[in-house]
Visitor: 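Below is one structure. I have some questions about it.
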Amino acid sequence: MKVLVYGTGGRDHSLADKYGDSQHVENVHFVPGNAGVSYTLKGKRKLIECIDIRDFSEVAKFCLENKVDLVDVGSENPLEEGLVDILNKRGIRTIGPKSEYVRLESDREFTDNILREIGVPKPEYRVFEDPEKAKEYVRNIGYQVFVKANGLAAGKGAIGCDDVMQAESAIDRIMVEKIFGRSGDKVVIEERKYGTEISFFVYLDGEHALPLKMFVQDHKRAFDPDDEESIRQFGGNLNTGGTGCYVPHKLVTPWLVNRIIREIVNPTVNAIYNRGDLGLGWDYKGVLYFGLNLDPYNNLEVFEINVRHGDPEWEVLCRKLSTDLFEIGMAVWEGKLDQINPVWNNQYYVDVVAMEGRSKASKGWNKGYPGRYGKGHEITGLDKIERGIAIYFSGVREDSEKGLVTDGGRGLHIIAGDRTLEGAKEKVYRNIGYLSFLDHNNSNKNCMRYRNTIGAEERESS
Ligand code: GLY
């Protein structure tokens with residue numbers, strides 16, 4: 001069987017890798033792919049082949065000419081731009097929702113209103129199109145909030161605010177400065193909740209739901225809690241989309257999994273399939289991602305729904321999944337998810353993201369991700385990474401002279417597994433220590449940075 005994974009980032013690379021592990025799959029086309037793939041062992045075995053096609057009609061043509069059996073679309077942008085619709089029209093099997101259904105992620109107001117209507121718990125929220133009215137609201141409500149861009153923002157569109165001044169500034173940044181473009185035409189002001197964040201995933205086949213009963217702790221904050229200097233400089237509430245994660249989450253128990261399915265997943269999936277009166281009633285085929293908060297009183301609430309796997313959550317989840325991903329994918333397409341019973345191995349996995357740190361700019365300094373960061377830094381040490389450690393690449397490119405260089409704030413993911421969480425942490429941090437991003441403007445000093453507390457319990461606010 002031949003699989004095509006459409007995407008460029010770490011989640012997409014790990015999808016391609018997981019399909020490559022399938023007993024049914026002889027070839028994985030990773031389109032447009034990522035320059036880092038050829039630096040991994042599997043890339044060198046040519047199991048995963050990167051093909052730089054970006055035009056969706058050309059992708060369809062490629063699938064037909066090469067008899068691709070299944071296409072998995074990893075991220076929200078190509079889904080929103082209609083890749084699945086185009087492929088389906090040509091009779092190509094896909095995993096991922098149609099463009100219309102991406103609204104669950106691209107329009108928070110729409111989804112929040114549905115959740116409220118069907119009684120799925122979520123924090124208090126109000127939606128604004130006028131920044132002045134939004135500011136007046138945050139001045140008067142008396143509790144802390146998240147200010148969220150209503151549209152797509154690569155998982156980074158939510159700004160946690162400690163006080164009214166921060167909330168007003170977040171409203172200005174999103175609605176006036178347009179840091180997320182037109183996604184900030186509207187904002188959702190949501191009550192800020194404290195507790196433990198849970199990333200929970202469900203596959204849908206248009207008729208059945210397959211909840212993955214293994215959930216992940218994402219670490220969205222840019223800095224370690226004890227990194228006071230950075231937090232003072234940048235602020236503590238920057239949302240990076242994820243600087244690392246681990247699985248199994250410390251709270252995984254059958255009791256909590258059952259509660260999540262009963263209180264959150266079942267009513268939401270039921271509405272997606274059946275509630276035409278709410279603008280739903282969809283034959284949704286793909287993944288749903290529930291971003292949840294469990295507060296200290298054991299209340300579960302939804303703070304976001306996405307139409308794809310989490311990044312970096314999928315990178316660890318797919319290492320732990322023993323079930324053949326191609327079998328899950330075909331069941332999604334054929335409406336047979338009721339016949340799949342996922343099996344998980346007994347390892348812990350930890351993903352640490354190597355990010356652009358402080359580097360020298362042509363004038364002054366780049367503070368580093370998630371602030372302004374430099375690019376084009378040569379990545380060294382990949383040849384020292386130990387066997388059994390997975391690397392998935394995100395913001396990198398091939399340079400004709402230097403080889404693999406950074407090209408984004410989050411460069412790559414290092415993932416280690418072990419029978420214990422402590423063992424997985426020890427391996428992942430030992431291996432990331434072999435890597436450097438060479439700052440060519442600063443005597444080739446290492447400008448890579450990463451968090452040191454991935455895998456520690458993290459009390460986030462959502
Ligand atoms: N890790 C957060 C996200 O994928 O949106």
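Residue numbers run from 1 in the order of the sequence given.
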Visitor: Check Val216 against Cys245 and note the closest heavy-atom contact, atom names and distance.
Guide: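 Shortest heavy-atom contact: CG1-CB, 3.9 Å.
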Visitor: Okay, side chain of Asp172, backbone of Val176: is any donor-acceptor separation there less than 3.5 Å?
Guide: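 No; judged by distance alone, with no hydrogens or angles, the pair does not exist.
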Visitor: Does Glu168 pair with Arg139 as a salt bridge, N-O distance under 4.0 Å?
Guide: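 So Glu168 pairs with Arg139 through a salt bridge.
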Visitor: Without swapping roles, check the side chain of Asp324 against the backbone of Gln23 for a donor-acceptor pair under 3.5 Å.
Guide: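 Yes; at least one donor-acceptor contact below 3.5 Å.
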Visitor: Return all side-chain donor-acceptor pairs below 3.5 angstrom for residues 116-124, not counting sequence neighbours, or 'none' if the list is empty.
Guide:
unit_1: Arg116; atom_1: NE; unit_2: Tyr125; atom_2: OH; d: 3.4
unit_1: Arg116; atom_1: NH2; unit_2: Tyr125; atom_2: OH; d: 3.3
unit_1: Lys122; atom_1: NZ; unit_2: Asp112; atom_2: OD1; d: 3.3
unit_1: Lys122; atom_1: NZ; unit_2: Glu190; atom_2: OE1; d: 2.9

Visitor: Say you draw a straight line from OH of Tyr450 to CD1 of Ile432; how long is it, rounded to the nearest 0.5 Å?
Guide: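 Output value for this atom pair is 6.0 Å.
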Visitor: With distance as the sole test, does Gln144 use its side chain to make a donor-acceptor pair with the main-chain N or O of Asp162 at under 3.5 Å?
Guide: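 Present.
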Visitor: Establish, yes or no, whether the cationic atom of Lys98 lies under 6.0 Å from the six-membered ring centre of Tyr101 and within 45° of the ring axis.
Guide: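 Lys98 over Tyr101 ring: no.
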Visitor: Evaluate the side-chain proximity of Leu325 to Ser22: yes if any heavy-atom separation is below 4.5 Å, no if none is.
Guide: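 No, side chains not in contact.
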Visitor: Would you call Lys133-Glu136 a salt bridge at under 4.0 Å N-O?
Guide: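 No, this pair does not count.
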Visitor: Do NZ/NE/NH1/NH2 and the carboxylate oxygens of Asp227 and Arg451 come within less than 4.0 Å?
Guide: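 Result for this pair is no, no salt bridge flagged.
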Visitor: Quick one: does any side-chain atom of Lys320 pair with a main-chain N or O of Tyr348 as donor and acceptor, under 3.5 Å?
Guide: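 Flag not set: sc Lys320 to bb Tyr348 has no pair under 3.5 Å.
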Visitor: Do the rings of Tyr137 and Phe128 sit parallel, tilted or perpendicular, given the 30° and 60° boundaries?
Guide: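 The rings of Tyr137 and Phe128 sit tilted, inter-plane angle from 30° to 60°.
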Visitor: Assess the residue pair Arg372 and Lys367 against the criterion (side-chain contact (heavy atoms from CB on, under 4.5 Å)); give the C-alpha distance rounded to whole Å, side-chain angles, the decisive distance to 0.1 Å, and a yes or no.
Guide: CA-CA 6 Å; Arg372 194 180 71 169; Lys367 280 184 169 182; 5.8 Å; no
Visitor: Under 4.0 Å between a Lys/Arg side-chain N and an Asp/Glu carboxylate O for Glu105 and Arg308?
Guide: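 Looking at Glu105 and Arg308, the cut-off is met.
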Visitor: Side chains of Asp12 and Ser75: any donor to acceptor distance under 3.5 Å?
Guide: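 Short answer, no.
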Visitor: Tell me yes or no: between the side chains of Asp85 and Ser99, is some donor less than 3.5 Å from an acceptor?
Guide: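 No - no donor-acceptor pair under 3.5 Å links their side chains.
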Visitor: Looking at Gly455 and His219, what are the two nearest heavy atoms and their distance?
Guide: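 Closest approach of Gly455 to His219: N-NE2, 3.2 Å.
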Visitor: Do the side chain of Asn34 and the main chain of Phe393 share a donor and acceptor less than 3.5 angstrom apart?
Guide: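 Yes: the side chain of Asn34 pairs with the backbone of Phe393.
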Visitor: Do Ile86 and Val59 make a side-chain contact, defined as non-hydrogen atoms from C-beta onward lying under 4.5 Å apart?
Guide: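 When only atoms from C-beta onward are counted, Val59 and Ile86 do not touch, as no gap falls below 4.5 Å.
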Visitor: Hey, what do you get for CD (Glu109) to NZ (Lys148), rounding to the nearest 0.5 Å?
Guide: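 Here the rounded value is 14.0 Å.
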Visitor: Shortest non-hydrogen contact from Ala167 to Val145?
Guide: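 Between these two residues, the closest heavy atoms are CB-CG2, 3.9 Å.
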Visitor: Please work out which of the three classes, parallel, tilted or perpendicular, describes the rings of Trp314 and His309, given edges at 30° and 60°.
Guide: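 His309 and Trp314: parallel rings.
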Visitor: Check whether any side-chain heavy atom of Leu79 sits under 4.5 Å from a side-chain heavy atom of Pro97, and report yes or no.
Guide: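 When only atoms from C-beta onward are counted, Pro97 and Leu79 do touch, with a gap below 4.5 Å.
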Visitor: Can you check whether Phe290 reaches Thr268 side chain to side chain, under 4.5 Å on heavy atoms?
Guide: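 Side-chain contact under 4.5 Å: yes.
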Visitor: Please determine if Arg319 and Asp17 form a salt bridge, counting it only when a charged side-chain N lies under 4.0 Å from a carboxylate O.
Guide: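 Salt bridge between Arg319 and Asp17, a charged N being under 4.0 Å from a carboxylate O: yes.
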Visitor: Using modelled atom types only, decide if a donor and an acceptor are shared between the side chain of Lys193 and the backbone of Phe303 within a distance under 3.5 Å.
Guide: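 Checked: no pair found.
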Visitor: For the backbone of Ala416 and the side chain of Lys427, can you confirm whether one donor and one acceptor N or O come within less than 3.5 Å of each other?
Guide: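 A pair under 3.5 Å: no.
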Visitor: Closest heavy-atom contact between Ile391 and Thr40?
Guide: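 Shortest heavy-atom contact: O-CG2, 3.8 Å.
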Visitor: Are there more than 12 heavy atoms of other residues, nucleotides or ligands under 6.0 Å from atom CD of Glu81?
Guide: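 Yes.
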Visitor: Rounded at 0.5 Å granularity, tell me how far CG in Leu152 sits from CZ in Arg108.
Guide: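 Going from CG on Leu152 over to CZ on Arg108, the span is 9.5 Å.
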Visitor: Check whether any side-chain N or O of Lys285 sits under 3.5 Å from a backbone N or O of Asp205 as a donor-acceptor pair, and report yes or no.
Guide: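 Here the side-chain-to-backbone pair exists.
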Visitor: Nearest 0.5 angstrom please: Lys336 NZ to Glu207 CD, how far?
Guide: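 Between atom NZ of Lys336 and atom CD of Glu207 there are 11.5 Å.
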Visitor: Using every non-hydrogen atom in the two residues, find where Tyr369 and Met355 come nearest and quote the distance to one decimal.
Guide: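 So the two residues come closest at CD2-SD, 3.7 Å.
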Visitor: Hey, does Phe110 have a side-chain heavy atom less than 4.5 Å from the side chain of Val127?
Guide: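 No. Closest side-chain heavy atoms not under 4.5 Å.
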Visitor: If you look at every heavy atom in Lys18 and Leu321, which pair is closest and at what distance?
Guide: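 In this case the closest contact between Lys18 and Leu321 is NZ-O, 2.6 Å.
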Visitor: If we ignore hydrogens and angles and just use 3.5 Å, is the side chain of Asn274 paired with the main-chain N or O of Asn270 as donor and acceptor?
Guide: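 Yes.
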Visitor: Please check if the side chain of Arg173 supplies one atom and the backbone of Ile179 the other of a donor-acceptor pair under 3.5 Å.
Guide: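 No; zero donor-acceptor contacts below 3.5 Å.
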Visitor: Please verify the inter-ring angle class for His249 with Tyr246; under 30° counts as parallel, over 60° as perpendicular, anything in between as tilted.
Guide: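 If you compare the ring of His249 with that of Tyr246, the planes turn out tilted.
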